[in-house]
Amino acid sequence: MVRVRFAPSPTGYLHIGGLRTALYNYLYAKQNNGKLILRIEDTDRTRLVGGAVENLISTLEWSGIEFDEGPHKIGELGPYTQSERLSIYHQHTLELIKNGNAYPCFYPQERLDMIKQKHIPSDIVAEYDRRFRDLNITESIDRMANENHVVRLKVPSKGAISIYDDIRGKIEFDLSLIQDQIIIKSDGYPTYHLASVIDDHLMQISHVIRGEEWIASLPKHALLYQCFDWELPNFAHLPLLLNQDKSKLSKRQGDVAVEDYINKGFLKEALINYVSLLGWHGSDNKEIYSMAELIDCFSINRIKSSGAIFDVKKLLWFNQQYIKTCDDLSLKILIDKLLTQKWEISSSMINLLKDSVENLKDFEKELEPFFVFSPIKIDIDNKLFSQEIYSFLMALSDCFTEMTVMTVDDFKLTINNIKSEYNVLGNIWKPMRIAITGKEHGPDISQFITILGPKECSERLKQFLHFNGQ
RNA sequence: GGCCCGUUCGUCUAGUGGUUAGGACUCAGGGUUUUCAUCUCUGCAACAGGAGUUCGAUUCUCCUACGGGCUACCA
């Protein structure tokens, strides 16, 4: 049974790298008829952000990644929030202490402050840390009841540990280089290492798929599994998502929160598709993948081991592709949510515009000419606007007043009639566009006029002609 | 500094002991279109370096360089 988890800490928002991690876990679970678990890692009490969990869940829901178990779902191996599992960690820690695999470390706060302030080299600090390592176990446990302490893992001072990673193969670590890691902090909360190992085991996680930044902690985790005499899960450490300068993708250098991209008007399909290809690729040249296709094609052994720069330009291209193929009504619903103006937009407007935008936000300015009009002042010497063009526009305005509805064919017939009647030779398209939309560029003008309707067009033409002294 | 991970066009990537090293984005230039865009065509552009193994290495091994991650009572 495949059981995987996504285990974010609730520090405010869903990171784009987190989205990819969640996605890969989801794909793997779905593909293998397994389960995806959401676990909240909130053991750092100093970094709690209000509403972060709700925000995380709603963003994940937006993306289409569904969980089988989690704080918002029913599950048998919960609770799925680490702060609600304290007794479990304490119980296991006590076991570790009794077995001699961990020990409490009692030093006064002043000593800690001193170490911090004086920048004592870390190897000296480590030396000092071991003072309590071989204290009598019963005595240690007794003192824990009354004294401030942390609990440290007793890391063997020699030997090596070798762990297999599904993406990178065998990785070896020299144990003598690893400090006696703190597993319970002085506030009684576990550190990540302890909590994640216990939870992964108790929640029966079969594959740990997480970011590469955890590789350095792998030996500590593996050691914990050994101490508990638990079987190791499979590990797959995903390559990092990078800034333009190849450093770990961070807030400093652009948007990293999924909600930023939602607000900018990206479709979930585009974000998911783009992010899926950052570190993974099928064996062919296919690039457009639906979620269903991803579930079908995804495989851990095709994940790359090198980092990937997050390139917004390519994401925009994906977004464009998905907008173009999205149906008008669905787009309308999405656009309505993002619109800052109270415009009554129609499906036909969206249909007309959807080839010319890169994100949903762009619709707002493309839509503007439908709702906002101010006539443009034309220079006397503008060659586009000859007297015969003005006459043409006047005649067009008159025709429009007599019409109530109009198709594109009606419109074309109308202008052809006027053209021949007035013997207009010049280019009518550009002047018409400028007169009616007030813009130089825009979507197909025939369709624009048809959607706007003859009445409004006539009104705008009159305003334009009047404004230019005709 | 130490440990660990990595290195194919600017970017995302495919790929193989013998290929004209493929695709996509970007960029440049054509074409289509009543404008912009879409669409389409063409072009630019890569195996980090050095040894070794081999008849032959981008591909296998080692070294170097470079990049990154970790080195917290953060995750």
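Quick note on labels: first sequence line is chain A, next is B, and so on, each numbered from 1.
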(request) Round to the nearest Å and state the distance from A:Lys439 atom NZ to B:rA37 atom P. (result) 17 Å
(message) Test: ring pair (Phe, Tyr, Trp, His ring centres under 6.0 Å). Region: residues 7-28 of chain A. Which pairs qualify, not counting sequence neighbours?
(response) A:Tyr24-A:Phe298, A:Tyr28-A:His207
(request) Rounded off to whole Å, could you give me the CD1-to-P distance for the A:Ile178 and B:rA72 pair? (result) 13 Å
(message) I need a per-nucleotide contact map over nucleotides 38-46 of chain B, read 5' to 3'. Cutoff is protein heavy atoms under 4.0 Å; write B for the base, S for backbone only, - otherwise.
(response) SS-------
(request) Would you mind reading off the distance between A:Met349 atom CE and B:rA37 atom P, rounded to a whole angstrom? (result) 23 Å
(request) Return the value, rounded to whole Å, for the distance between atom CG of A:Leu316 and atom P of B:rC12. (result) 17 Å
(message) Below 4.0 angstrom, which residues in residues 79-90 of chain A have at least one non-hydrogen atom near RNA chain B?
(response) none
(message) Strictly below 4.0 Å, N to O, side chains only: are A:Glu421 and A:Lys419 in salt-bridge contact?
(response) no
(request) Identify, with sequence neighbours excluded, every residue that meets salt bridge (Lys or Arg N to Asp or Glu O under 4.0 Å) alongside A:Arg302. (result) none
(message) I want to verify a distance call: between B:rU35, B:rC12, B:rA75, whose nearest atom is closest to the A:His441 side chain?
(response) B:rU35
(request) Could you pull out all residues at least two apart from A:Asp42 that satisfy salt bridge (Lys or Arg N to Asp or Glu O under 4.0 Å)? (result) A:Arg45
(request) Sort and list the pairs that fulfil side-chain hydrogen bond (donor to acceptor under 3.5 Å, both in side chains) and have at least one residue in residues 308-322 of chain A, not counting sequence neighbours. (result) A:Asn273-A:Tyr322, A:Glu287-A:Lys314
(request) With sequence neighbours excluded, tell me which residues meet ring-ring contact (aromatic ring centres under 6.0 Å, His included) with A:Tyr289. (result) A:Trp280
(message) Would you measure the distance from the P atom in B:rA14 across to the matching atom in B:rC55 and give it in whole Å?
(response) 31 Å
(message) From the set B:rU34, B:rC12, B:rA75, return the single nucleotide nearest to any side-chain atom of A:Asp444.
(response) B:rU34
(message) Measuring to OP1 and OP2 of B:rC70, would you say a side-chain N or O of A:Lys248 lies under 4.0 angstrom away?
(response) yes
(message) By the 4.0 Å heavy-atom rule, please label A:Gly279 as base, sugar-phosphate, or nothing.
(response) sugar-phosphate
Using distance only, find each side-chain donor-acceptor pair of residues 209-216 of chain A under 3.5 Å and give its atom names and separation, not counting sequence neighbours.
unit_1	atom_1	unit_2	atom_2	d
A:Arg210	NH1	A:His237	NE2	3.0
A:Arg210	NH2	A:Tyr192	OH	3.2
A:Arg210	NH2	A:His221	ND1	3.1

(request) Can you tell me which residue pairs pass the side-chain hydrogen bond (donor to acceptor under 3.5 Å, both in side chains) test with a partner in residues 435-445 of chain A, sequence neighbours excluded? (result) none
(message) Could you tell me if A:Ser247 and A:Asp245 have a donor-acceptor pair between their side chains, going purely by distance under 3.5 Å?
(response) yes
(message) Any salt bridge linking A:Asp200 with A:Arg39? Criterion: basic side-chain nitrogen under 4.0 Å from a carboxylate oxygen.
(response) yes
(request) Output yes when at least one side-chain N/O atom of A:Thr43 is less than 4.0 Å from OP1 or OP2 of B:rA75, else no. (result) yes
(request) List the steps, then state whether side-chain hydrogen bond (donor to acceptor under 3.5 Å, both in side chains) holds for A:Asp327 with A:Ser330. (result) CA-CA 6 Å; A:Asp327 70 276; A:Ser330 305; 2.6 Å; yes
(message) Heavy-atom count check: over 12 atoms from other residues, nucleotides or ligands less than 6.0 Å from A:Lys324 NZ?
(response) yes
(message) Rounded to whole Å, how long is the line connecting atom CG of A:Leu367 with atom P of B:rC36?
(response) 21 Å
(message) Of the listed nucleotides (B:rG22, B:rC12, B:rC74), which one gets closest to any side-chain atom of A:Leu277?
(response) B:rC12
(request) Please state how far atom CZ in A:Arg433 lies from atom C1' in B:rA37, giving the value in whole angstrom units. (result) 10 Å
(message) Under the rule for salt bridge (Lys or Arg N to Asp or Glu O under 4.0 Å), what residues qualify as partners of A:Lys286, not counting sequence neighbours?
(response) A:Glu293
Give each protein N/O atom lying under 3.5 Å from an N/O atom of nucleotides 15-18 of chain B, with the pair distance.
unit_1	atom_1	unit_2	atom_2	d
B:rG15	OP1	A:Arg302	NH1	3.1
B:rG15	OP1	A:Arg302	NH2	3.1

Under-3.5 Å N/O pairs linking protein and nucleotides 4-11 of chain B:
unit_1	atom_1	unit_2	atom_2	d
B:rC5	O2'	A:Arg168	NH1	2.5

